[in-house]
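Below: the structure, in structure tokens.
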Amino acid sequence: MDGSFVAYFSDGTLMIITINGQCICKADVGEKINAMLICHESEALITGGEHGSVRVRTLYDLSVQCTLNIKKYGPITTLAQTSDPNFLCVGSSNGFLSVVFRNTK
């Protein structure tokens, strides 16, 4: 992911763009995204939005690899990864904080 960045547009488009302005790939996310996070390994993009779902996407083509549905707590407002990359903290609009453990086995 060197020399490129992830951009989210208000029309629901997510893009990976080089610093020279070339679009590497794009995806329609289908919801308003409130939080984005690139994993420590720089292999995945984690997004959270208005529908209350956390989605893990590859940074290769933005395809969804995993979806975590926590919509009962409202829209996702924040995402944070601990220094141990196995834990993801997810903040929801009702003030609820979810801590998710990534089992690598």
Side-chain angles (χ1 to χ4, degrees):
M1 183 92 185
D2 290 339
S4 57
F5 60 93
V6 178
Y8 168 72
F9 298 91
S10 60
D11 67 354
T13 302
L14 195 59
M15 298 177 87
I16 297 179
I17 303 170
T18 67
I19 57 172
N20 296 328
Q22 178 184 3
C23 175
I24 297 173
C25 64
K26 66 180 179 177
D28 179 17
V29 295
E31 71 175 313
K32 180 182 175 197
I33 291 179
N34 297 328
M36 287 194 307
L37 174 71
I38 295 177
C39 287
H40 289 296
E41 300 91 15
S42 295
E43 296 174 359
L45 173 72
I46 303 172
T47 62
E50 289 296 310
H51 294 165
S53 295
V54 175
R55 290 188 173 81
V56 179
R57 300 172 179 272
T58 66
L59 281 174
Y60 173 73
D61 61 2
L62 295 174
S63 62
V64 176
Q65 299 298 303
C66 178
T67 299
L68 174 63
N69 184 348
I70 53 174
K71 66 181 173 186
K72 68 181 179 179
Y73 302 115
I76 306 302
T77 56
T78 56
L79 295 169
Q81 194 172 23
T82 61
S83 58
D84 174 354
N86 290 322
F87 294 95
L88 175 68
C89 300
V90 182
S92 299
S93 65
N94 71 348
F96 194 84
L97 177 67
S98 303
V99 178
V100 181
F101 174 71
R102 179 183 75 168
N103 188 353
T104 57
K105 291 182 182 180

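Just so it is clear, the values below take in all heavy atoms, side chains as well, and ignore hydrogens, waters and symmetry mates. This is a predicted model, so every value here is computed, not measured.
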*asked:* Filter on side-chain hydrogen bond (donor to acceptor under 3.5 Å, both in side chains), then keep only pairs touching residues 43-52, sequence neighbours left out; what's left?
replied: N34-E50

_Pairwise distance CZ(F5) to CD1(I19) - rounded to 0.5 angstrom_ = 9.0 Å

_Rounded at 0.5 Å granularity, tell me how far CG in L45 sits from CG in L62._
6.5 Å

*Would you please name every residue forming a side chain to side chain contact (heavy atoms under 4.5 Å, CB included) with Y60, sequence neighbours left out?*
T58

*asked:* If the condition is side chain to side chain contact (heavy atoms under 4.5 Å, CB included), which residues does D11 pass it with, not counting sequence neighbours?
replied: F9, T13

*In the hydrophobic clustering that connects Ile, Leu, Val, Met, Phe, Trp and Tyr at side-chain heavy-atom distances below 4.5 Å, which members other than I46 occupy its cluster, ordered by chain and number?*
L37, V54, V56, L68, I70, Y73, I76, L79, L88, V90, F96, V100

_Considering only residues two or more places apart or on different chains, which pairs with a residue in residues 57-80 satisfy salt bridge (charged side-chain N to carboxylate O under 4.0 Å, His left out)?_
none

_Of all pairs that satisfy salt bridge (charged side-chain N to carboxylate O under 4.0 Å, His left out), the ones with a partner from residues 16-40, not counting sequence neighbours_ = E31-R55

*Do you know which two heavy atoms are closest between S93 and G74, and how far apart they sit?*
OG-CA, 3.7 Å

*Smallest separation among heavy atoms of Y8 and L14, with atom names*: CB-CD1, 3.9 Å

*Within a strict 4.5 Å, meaning less than it, do heavy atoms of the V6 and L59 side chains meet?*
yes

*Without swapping roles, check the side chain of S92 against the backbone of N94 for a donor-acceptor pair under 3.5 Å.*
no

